[in-house]
**Student:** 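Here it is, the structure, as structure tokens.
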Amino acid sequence: MDVRLTEEQELLRRSVREFAERELRPHVMEWDEAQQFPRALLARFAELGLMGIQFPEQYGGAAMSAVDYCICIEELARVDPSVCLSVAAHNGLGAAHIFMFGTEAQKQRYLVPLATGQQLAAWGLTEASAGSDAASMRTTAVRDGDDWVITGTKQFITHGGTADLVVVMAMTNKAKGSRGISAFIIERGTAGLRAGKKENKLGMRASDTSEVILDQCRVPASQLLGAEGQGFVNALQVLDAGRIGIAALSVGLAQGAYEAARSYAFERRQFGQPIGTFQSIRAKLVDNATRIEAARLLTYRAASMKDAGRRTTLEAAMAKLYSSEIAVRAAEDGVQIHGGYGFVKDYPAEKYFRDVKLTTIGEGTSEIQRLVIARQLLAE
Ligand SMILES: Cc1cc2nc3c(=O)[nH]c(=O)nc-3n(C[C@H](O)[C@H](O)[C@H](O)COP(=O)(O)OP(=O)(O)OC[C@H]3O[C@@H](n4cnc5c(N)ncnc54)[C@H](O)[C@@H]3O)c2cc1C
């Protein structure tokens, strides 16, 4: 067993880190205030392969591994977790669903523009009354000749208001419950598709989050994604992989919060010495550094199992649960180490603290990760 990254992976980390420091760092607070995903970044991300990180070159992707994907996501989140959330949702949810379950024709038509950064993808599973219990969704799709007519409202959708296409899960046969849910690709501009309320959020504000309203939205049968009735099962498979991305995002965010606290601890002097020489401050830094390393290893383990083609339901849930929970600790300790300066917007600690809470909620809350893990470990 060798847990070191390869030279190429270290190089990848350096190049994404330099990009994030140069292109993202100076604008982090401006984008946070604007509450808008900076769409001009798509072309810049695409140059680095970040819009189609894991997809094969034949679909315009960068053909990187799942471990490489984690490195890219970590380095973006270390600087701007909210812009990173958009990259993770695009790659790991909307585009991934098309890559994993789309036909060749769907991949050529929809995945190529996504992977090359010409278009942005959204993914709509959640509804107002169907969050953790997503299978209780009310959105329906009814077959009408060669078309499907989709009606319902999706809640909390990343890029819901701005994406070029949305992958939407809808009930096609209510009697079959979760086995009666199917997925559809819906393009922006389709009659009946519109953005609803845009959320005014605590954190992750540069990643816009909106309702997606589907009012008798008619799509041809060729836009059914995957087999009819398999949409929910496929969504869970997408989430198994997507959760590795949120684990990596948590590790990167925690790393950024830790580094900011570490450098502040050696700048700030009280009682005639840097606060970083006080034992209780050192203990916080050391404990966070140790937890971040453990989270990173759990995340890379899940990613390398995915690369080996193995099922990762358990490992992805463990990585997501642990990494997000320790990221919350790292961001909170970051504010504490900054004292009053952690509570104001002049230092990055405040934004990490706001952004981090999404990691224990999105793509399955911590409680749901524990349910997933229990189902794998504690089945009788
Ligand atoms: C910024 C943001 C971006 C998002 N992006 C997307 C997106 O792009 N696409 C998408 O489809 N969704 C998206 N979501 C939705 C997200 O996945 C849901 O918010 C999440 O799954 C939780 O659902 P909920 O908010 O309805 O909470 P609820 O399910 O109502 O949960 C409320 C509380 O009850 C707990 N709980 C629920 N069930 C159980 C149980 N069985 N056992 C123990 N505790 C339980 C939960 O853990 C939580 O603490 C996004 C959310 C946010 C905030």
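Both counts, for ligands and for their atoms, begin at 1 and track the order of listing.
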**Student:** If you take the centroid of each ring, where Trp contributes its six-membered ring, are Phe353 and Phe343 closer together than 6.0 Å?
**Tutor:** no
**Student:** Name all pairs fulfilling the ring-ring contact (aromatic ring centres under 6.0 Å, His included) condition that reach into residues 268-310, sequence neighbours left out, sorted by first residue then second.
**Tutor:**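 Every candidate ring-ring contact (aromatic ring centres under 6.0 Å, His included) pair involving residues 268-310 fails, so no pair, neighbours aside, qualifies.
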**Student:** Look at Arg218 together with Asp144 and state whether they make a salt bridge at an N to O cut-off of under 4.0 Å.
**Tutor:**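 Yes.
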**Student:** Taking Glu367 first and then Arg370, would you say they form a salt bridge - that is, a charged N and a carboxylate O separated by under 4.0 Å?
**Tutor:**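 Looking at Arg370 together with Glu367, the answer is no, because their closest N to O distance does not fall below 4.0 Å.
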**Student:** Can you list every ring-ring contact (aromatic ring centres under 6.0 Å, His included) pair that touches residues 174-220, not counting sequence neighbours?
**Tutor:** Trp148-Phe184
**Student:** Please, which pairs that meet side-chain hydrogen bond (donor to acceptor under 3.5 Å, both in side chains) have at least one residue in residues 331-340, sequence neighbours excluded?
**Tutor:**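 Residue pairs passing side-chain hydrogen bond (donor to acceptor under 3.5 Å, both in side chains), neighbours aside: Asn288-Asp333.
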**Student:** Tabulated below should be the N or O atoms of ligand 1 paired with protein N or O atoms at under 3.5 Å; can you produce that?
**Tutor:**
from: ligand 1; atom 1: 5 (N); to: Phe156; atom 2: O; distance (Å): 2.9
from: ligand 1; atom 1: 5 (N); to: Thr158; atom 2: OG1; distance (Å): 2.9
from: ligand 1; atom 1: 8 (O); to: Thr158; atom 2: N; distance (Å): 3.0
from: ligand 1; atom 1: 8 (O); to: Thr158; atom 2: OG1; distance (Å): 3.3
from: ligand 1; atom 1: 9 (N); to: Trp123; atom 2: O; distance (Å): 2.8
from: ligand 1; atom 1: 11 (O); to: Leu125; atom 2: N; distance (Å): 2.9
from: ligand 1; atom 1: 11 (O); to: Thr126; atom 2: N; distance (Å): 2.9
from: ligand 1; atom 1: 11 (O); to: Thr126; atom 2: OG1; distance (Å): 3.1
from: ligand 1; atom 1: 12 (N); to: Thr126; atom 2: OG1; distance (Å): 2.7
from: ligand 1; atom 1: 14 (N); to: Phe156; atom 2: O; distance (Å): 3.2
from: ligand 1; atom 1: 29 (O); to: Ser132; atom 2: N; distance (Å): 2.9
from: ligand 1; atom 1: 29 (O); to: Ser132; atom 2: OG; distance (Å): 2.6
from: ligand 1; atom 1: 47 (O); to: Thr365; atom 2: OG1; distance (Å): 2.6
from: ligand 1; atom 1: 47 (O); to: Glu367; atom 2: OE1; distance (Å): 2.8

